[in-house]
Amino acid sequence: MTTRVTTPFDCNSTTDDVLAGVDLTGKRAIVTGASSGLGIETARALASKGAEVTLAVRDTEAGKQVAADITAKTGNANVHVAPLDLNSHASIAAFTKAWTGPLHILINNAGIAGLPELTRTPEGWEQQFATNHLGHFELTLGLHDALASAGHARVVSVSSDRHHMSPVVFEDIHFERRSYDPYSSYAQSKTANALFAVEANKRWTKDGITVNAIHPGVIRTNLARHVPVTPEWEKMRNSIPYKSLEQGAATQVFVAASPLLEGIGGRYFEDCHEPEVNPNFEYRAASNGVNPHAVDPDAAAKLWAMSLEMLKQRTAA
């Protein structure tokens with residue numbers, strides 16, 4: 001039985017709070033989806049502590065502007081931009097092939113949510129699962145050796161408390177036989193993000209790599225840009241306690257860089273601590289804990305095996 005991790009930080013803590021006294025000089029980090037929202041603040045926070053940060057983004061022009069802004073704010077010129085499309089095997093392969101040297105921090109932050117219509121990749125995979133889980137799965141596998149060479153490397157898998165709304169439905173992950181629901185689809189992909197941390201940490205601890213999943217909290221970003229805005233949705237959205245970007249990015253930055261978590265992996269964090277396992281979910285709750293289905297080691301092992309099989313189909317095509 002592992003002891004649950006508690007810390008001096010909470011839902012009000014900011015990125016600057018959790019990194020106070022931390023020196024990341026000499027550390028190299030990658031943040032996916034770093035051209036907007038939480039990704040920008042995450043990259044800024046790491047750069048402010050001296051890390052060399054690569055913004056892995058689809059829109060490199062937007063990424064270059066973000067990099068310039070971060071350098072202006074932090075004085076750190078080691079902020080780089082590299083193209084990455086998590087829907088493309090060729091793009092992921094090019095990114096991992098181009099990376100040289102050690103990698104100390106990988107934050108799998110990019111994601112999409114609430115696609116109103118069932119959308120499939122060229123492989124036939126459901127889009128939210130493909131982007132949020134499979135793309136990051138392939139990316140992280142491709143960067144394994146760089147992480148291992150760093151020594152004490154950390155991977156952060158950005159999940160969500162929406163994972164409570166669906167386990168990974170192994171019998172029909174890609175909605176081939178069940179009716180598509182954008183919220184269940186997103187929830188399934190976020191459960192996959194949490195399960196990835198469980199299995200990756202189990203496999204890679206021996207290589208000096210720890211992997212954890214996090215829920216950032218509810219923040220006003222463009223993540224939900226595809227969600228249809230109805231009066232009911234607007235009313236529900238306005239009833240939720242929101243975090244600032246600095247508070248929202250705090251948990252992933254804390255898990256990526258705090259000395260308090262040295263050697264700790266395979267866990268799920270929210271509000272900068274490890275919450276209790278909780279099978280119940282309340283939409284308006286500030287904290288919902290982690291559902292048992294998102295930290296189930298058997299489900300994590302099964303997802304890993306199925307994900308590898310899917311990637312074999314992609315690379316063989």
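Being a predicted model, the structure only gives us computed values, none of them experimental.
- Between Val53 and Ile70 there is no side-chain heavy-atom pair separated by less than 4.5 Å.
- With hydrogens and angles ignored, the 3.5 Å screen pairs a side-chain donor or acceptor of Thr251 with a backbone N or O of Cys272.
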TODO: Applying salt bridge (Lys or Arg N to Asp or Glu O under 4.0 Å), run through Lys49 and Asp16 and close with a yes or a no.
DONE: CA-CA 9 Å; Lys49 293 299 179 177; Asp16 289 342; over 6 Å; no
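- A distance of 9.5 Å separates SG in Cys11 from CD in Glu270, rounded to the nearest 0.5 Å.
- Formation of a donor-acceptor pair under 3.5 Å by the Asn132 side chain with backbone atoms of Ile112 is found in this model.
- Contact of the Pro83 side chain with the Phe95 side chain is not registered, since no non-hydrogen atoms from C-beta on lie closer than 4.5 Å.
- The CG atom of Asp17 sits 9.5 Å away from atom CG of Asn12, with the distance rounded to the nearest 0.5 Å.
- The distance from atom OH of Tyr180 to atom CG of Leu115, rounded to the nearest 0.5 Å, is 5.0 Å.
- Remark: Lys97 NZ is loosely packed, at most 12 non-hydrogen atoms of other residues, nucleotides or ligands lying under 6.0 Å away.
- By the 4.5 Å heavy-atom criterion applied to side chains, Ser149 and Pro102 are counted as neighbours.
- In this structure a side-chain-to-backbone donor-acceptor pair under 3.5 Å is missing from Arg267 to Ala213.
- For the residue pair His133 / Asn193, no side-chain donor-acceptor distance below 3.5 Å is found, with atom types taken as modelled.
- Checking side-chain atoms of Thr121 against main-chain N and O of Trp125 turns up a donor-acceptor pair under 3.5 Å.
- Side-chain contact of Ser189 with Gln128: a donor-acceptor pair under 3.5 Å is absent, judged by distance alone.
- To the nearest 0.5 Å, atom CD1 of residue Ile30 and atom NE2 of residue His80 are 11.0 Å apart.
- Here Glu274 does not pair with Arg4 in a salt bridge; the nearest charged N to carboxylate O distance is not below 4.0 Å.
- Salt bridge Glu262/Arg154: present, at least one basic N to carboxylate O contact under 4.0 Å.
- Distance check: Thr210 OG1 to Asn212 CG gives 6.0 Å after rounding to the nearest 0.5 Å.
- For the pair Glu126 (side chain) and Arg120 (backbone), a donor-acceptor distance under 3.5 Å is absent.
- Looking at Leu147 and Asp207, their side chains never come closer than 4.5 Å, going by heavy atoms from C-beta outward.
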Open item on the list: Please evaluate residues Leu24 and Leu46 with respect to the criterion side chain to side chain contact (heavy atoms under 4.5 Å, CB included), reporting the C-alpha separation (whole Å), side-chain torsions for both, the decisive distance (0.1 Å), and the verdict.
Closed with: CA-CA 7 Å; Leu24 297 178; Leu46 297 175; 3.7 Å; yes
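- At distances below 3.5 Å, at least one donor-acceptor pair connects side-chain atoms of His293 with backbone N or O atoms of His163.
- Connection of Phe254 to Ile219 is not established within any shared hydrophobic cluster, with ILVMFWY side chains joined at heavy-atom distances below 4.5 Å, either directly or through further cluster members.
- Looking only at atom types and distance, the side chain of His136 has a donor-acceptor partner in the side chain of Thr32 under 3.5 Å away.
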Open item on the list: Let's go through Asn109 and Gln252 carefully: what are the C-alpha distance in whole Å and the side-chain angles of both, what is the deciding distance for side chain to side chain contact (heavy atoms under 4.5 Å, CB included) to 0.1 Å, and is it a yes or a no?
Closed with: CA-CA 9 Å; Asn109 166 81; Gln252 57 206 60; 3.1 Å; yes
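- In this structure, Phe9 has its ring center at least 6.0 angstrom away from the ring center of His273.
- Thr14 and Gln247 share no donor-acceptor pair across their side chains, judged by distance under 3.5 Å alone.
- Put simply, the side chain of Ser88 never gets that close to the backbone of Leu86: no donor and acceptor are under 3.5 Å apart.
- Inter-residue side-chain proximity for Ile214 and Ser157 is flagged as unmet; no heavy-atom pair is nearer than 4.5 Å.
- Side-chain atoms of Ser258 never come within 3.5 Å of backbone atoms of Val255 as a donor-acceptor pair (strictly under, hydrogens ignored).
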Open item on the list: Asn291 vs Asn278, test: side chain to side chain contact (heavy atoms under 4.5 Å, CB included). Steps then yes/no.
Closed with: CA-CA 5 Å; Asn291 196 287; Asn278 175 22; over 6 Å; no
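- A donor-acceptor contact under 3.5 angstrom links the side chains of Ser184 and Asp181, judged on distance only.
- Side chain to side chain, Glu246 and Thr15 fail the donor-acceptor criterion of an N or O pair below 3.5 Å.
- In the hydrophobic clustering of ILVMFWY residues, with side-chain heavy atoms under 4.5 Å counting as a link, Val295 and Val5 come out apart.
- Shortest non-hydrogen contact noted between Ala257 and Leu19 is CB-CD2, 3.7 Å.
- Phe269 and Ile105 fall within the same hydrophobic cluster, where Ile, Leu, Val, Met, Phe, Trp and Tyr residues are linked whenever their side-chain heavy atoms come under 4.5 Å apart, directly or through other members.
- A donor and an acceptor atom, one from each side chain of Thr131 and Asn87, are located under 3.5 Å apart.
- The minimum heavy-atom distance linking Ser166 with Val169 is given by the pair OG-CG2, 4.1 Å.
- For the residue pair Asp23/Thr25, the side-chain donor-acceptor check at 3.5 Å is satisfied.
- Using a cutoff of 4.0 Å between basic side-chain nitrogens and carboxylate oxygens, Lys243 and Asp271 are scored as salt-bridged.
- Nearest heavy atoms, Thr42 versus Ala249: OG1-CB, 3.6 Å.
- Remark: Leu103 CG to Thr96 OG1 distance equals 11.5 Å, nearest 0.5 Å.
- A salt bridge does not link Lys64 to Asp69: none of the charged nitrogens lies less than 4.0 Å from a carboxylate oxygen.
- Of the possible donor and acceptor atoms, one in the side chain of His215 sits under 3.5 Å from a partner among the backbone N and O of Asp161.
- Under the 30°/60° scheme for interplanar angles, the aromatic rings of His174 and Phe129 are found to stand perpendicular.
- Between Ala45 and Val253, the shortest heavy-atom contact is CB-CG2, 4.1 Å.
- Within the 4.5 Å cutoff, the side chain of Glu309 has no heavy atoms near those of the Met306 side chain.
- With hydrophobic clusters built from ILVMFWY side chains whose heavy atoms lie under 4.5 angstrom apart, Leu134 shares a cluster with Leu195.
- The same ILVMFWY cluster, assembled from side-chain heavy atoms under 4.5 Å apart, contains both Ile107 and Ile264.
- The aromatic rings of Trp304 and Phe196 sit parallel to each other, their planes meeting at less than 30°, with 60° as the upper class boundary.
- Residues Arg162 and Tyr183 are not in side-chain contact: their nearest non-hydrogen atoms beyond the backbone lie 4.5 Å or more apart.
- Shown here for Val57 and Ser35, the closest heavy-atom pair between the two residues is CG1-N, 3.6 Å.
- Between the side chain of Asn76 and the backbone N or O of Ala47, at least one donor-acceptor pair lies under 3.5 Å.
- Considering only heavy atoms from C-beta on, Val158 comes within 4.5 Å of Pro216 through its side chain.
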Open item on the list: Is there a side chain to side chain contact (heavy atoms under 4.5 Å, CB included) between Leu311 and Phe137? Walk through the geometry before answering.
Closed with: CA-CA 9 Å; Leu311 291 189; Phe137 181 81; 3.4 Å; yes
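- Of all the heavy atoms in Val211 and Asn201, the pair that sits closest is N-OD1, 3.0 Å.
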